[in-house]
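Quick caveat, the model's predicted, so the values are computed rather than measured. First listed ligand is number 1; within each ligand, the first listed atom is number 1.
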Amino acid sequence: MANEKVRIAIIGAGLVSDFHHVPGIRVDDRCELAAVCDPNEQLLNQRKNEWGPAKYTTDYEQIANDPDLDAVIIATPNFTHKDIALACIAGGKHVMCEKPLGVSYAEADEMYQAAKAKGVRHMTAFTYRFAPSMRYLRHLLKSGALGEPRHFRSQRFLDLPETSWGWRQYKKLAGAGDLYDMTTHRIDFAQDLMGPIQSVCGAVKTFVPRDKTADGTPCAPSEVDDWSALIGTFRSGAVGVWEGSTLMKGHHNGGVGFEWAEVNGSEGSAVYQLVDPNYILVGKHGGTMEKSLVPAEFMKPVKSPRNPADGKPSTVFRYDLVFELVSAIVEGRDAVPGFDDGASAQAVADAVLQSYAERRWIDVPSYR
Ligand SMILES: NC(=O)c1ccc[n+]([C@@H]2O[C@H](COP(=O)([O-])OP(=O)(O)OC[C@H]3O[C@@H](n4cnc5c(N)ncnc54)[C@H](O)[C@@H]3O)[C@@H](O)[C@H]2O)c1
């Protein structure tokens, strides 16, 4: 592949592909958008105009079996991820798949085992690992600047309409609600920062029926959680607290919502906020939390082609997902986060559901 571009297919031409996967491909001249797949022909035609030259198809098997394609990005509803990923892996494609990898831990694990056995690069689209202040917080923690890690805390609040969520509100299609959609990212970056989660006690709650679409058309009511929460212990001995909700009135904030993630060590504390991802809050023992700009070397991965000064800060770091996938392919190394991270986060999320159903603490299966 020395002088050739990595030829990427997008499978699922919906919101997230338009928001950051296609822009991520556009800024990286080591790759190109070579094909687009979506069963919605009207959307496919729209994307032809918006995204430009590429092969367009309604059938993902064509992508899986196309020898001219190197990699795929799967950005379809959750229940389709596994079959599409397994077909593309069988066709020898490198795969980035959206979170949650599957509609259960068992599906996610099957995807990881298949990718590992075939030897293709695999990546889970855990976006927030790439936020500048998250990258810097990780550095502070791993370099020992915060001392011994003791507490992890995450709050993710959205103020969404109480109308239908489409496929996202049915268990068979989505797996779970806020837990799989939002909290799963926070489970992932907690494990990246603090190491594996050992045990959880969790709860979920559905408040609203979502039995009408935005234009008032009746639909089957929601089966999934609007709110999810857990407390957990890490194998290191540290502890964590997570809360997420789509119904936090007053936290709309132009669609970005509210996010706060904090680590408290024996020497100091640091905070990442999605609403202000180029800044970090840091405080040392006996002092006060102070806000500062993330140092330049943590604004993006070293060779990432994007200019951190271009675009909306809470959007543009997401383009580094594609940078990581392409870097892993051209450098012949594993992508991070991989399907193993995706499956591991899903093992924790499923333990939260089991914990609430059985009203007890659950030990999370050891993944690594
Ligand atoms: N990483 C993130 O930050 C992030 C953000 C948003 C969404 N997501 C995830 O991305 C995925 C897609 O979310 P979205 O908001 O773009 O949804 P969406 O509903 O806007 O788009 C999904 C698209 O997939 C298409 N599709 C359905 N079945 C298909 C198939 N068999 N082959 C090809 N295309 C198919 C649909 O027609 C639709 O256009 C979900 O898994 C979601 O959890 C991740």
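Both the backbone and the side chain of K99 come within 4.0 Å of ligand 1, judged by heavy-atom distances. By the criterion of a heavy-atom distance under 4.0 Å, the side chain of R168, and not its backbone, is placed next to ligand 1.
Remark: ligand 1 atoms within the under-4.0 Å shell around heavy atoms of H81 are 41 (O). Listed by atom number, the atoms of ligand 1 under 4.0 Å from L43 heavy atoms are 39 (O). Close approach of ligand 1 to C37 is summarised as follows: ligand atoms under 4.0 Å from at least one heavy atom of the residue are 33 (C), 34 (N). Shown in contact with A125 at under 4.0 Å from a heavy atom are these atoms of ligand 1, numbered in order with element: 1 (N). Less than 4.0 angstrom separates some heavy atom of T127 from each of these atoms of ligand 1: 1 (N), 2 (C), 3 (O).
The side-chain tip of R306 does not point at the ring of F323 from less than 6.0 angstrom away and within 45° of straight on. Annotation: cation-pi pair R359/Y356 present, NZ/CZ under 6.0 Å from the ring centroid and within 45° of its normal.
In this structure, the protein non-hydrogen atom closest to atom 34 (N) of ligand 1 is P39 CD, 3.1 Å. From the protein, the heavy atom lying nearest to atom 44 (C) of ligand 1 is E98 OE1, 2.8 Å. At the shortest separation from atom 22 (C) of ligand 1 among protein heavy atoms lies A75 O, 3.6 Å. In terms of protein heavy atoms, atom 38 (C) of ligand 1 is closest to D38 OD2, 3.4 Å. The protein heavy-atom contact nearest to atom 20 (O) of ligand 1 is L15 N, 3.1 Å. Nearest to atom 11 (C) of ligand 1 among the protein's heavy atoms is T76 O, 3.4 Å. Atom 16 (O) of ligand 1 has V16 N, 3.0 Å as its closest protein atom, hydrogens excluded (heavy atom only). In terms of protein heavy atoms, atom 19 (O) of ligand 1 is closest to W167 NE1, 3.0 Å.
The option with the heavy atom closest to atom 41 (O) of ligand 1, from among N78, L173, T184, is N78. For atom 31 (N) of ligand 1, the nearest non-hydrogen atom from the set I84, T58, D181 comes from I84.
When D178, D181, T246 are each tested for a side-chain contact (heavy atoms from CB on, under 4.5 Å) with D225, only one passes: D178.
The shortest side-chain heavy-atom distance between S228 and M182 does not fall under the 4.5 Å cut-off. Side chains of S269 and M289 form a contact here, defined as non-hydrogen atoms less than 4.5 Å apart. The closest side-chain heavy-atom distance from I74 to Y60 is not below 4.5 Å.
Using a cut-off of 4.0 Å between Lys/Arg side-chain N and Asp/Glu carboxylate O, D340 and K116 are scored as not salt-bridged. Ion pair R129/D341 flagged as a salt bridge, since at least one NZ, NE, NH1 or NH2 atom sits closer than 4.0 Å to an Asp/Glu carboxylate oxygen. R210 has no carboxylate O lying under 4.0 Å from a charged side-chain N of E162, or vice versa, which leaves the two without a salt bridge.
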Could you go step by step and tell me if E32 and R7 meet the salt bridge (Lys or Arg N to Asp or Glu O under 4.0 Å) rule? CA-CA 5 Å; E32 65 186 10; R7 294 171 58 78; 2.5 Å; yes
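Crowding of E358 atom CD: a count of heavy atoms from other residues, nucleotides or ligands under 6.0 Å exceeding 12.
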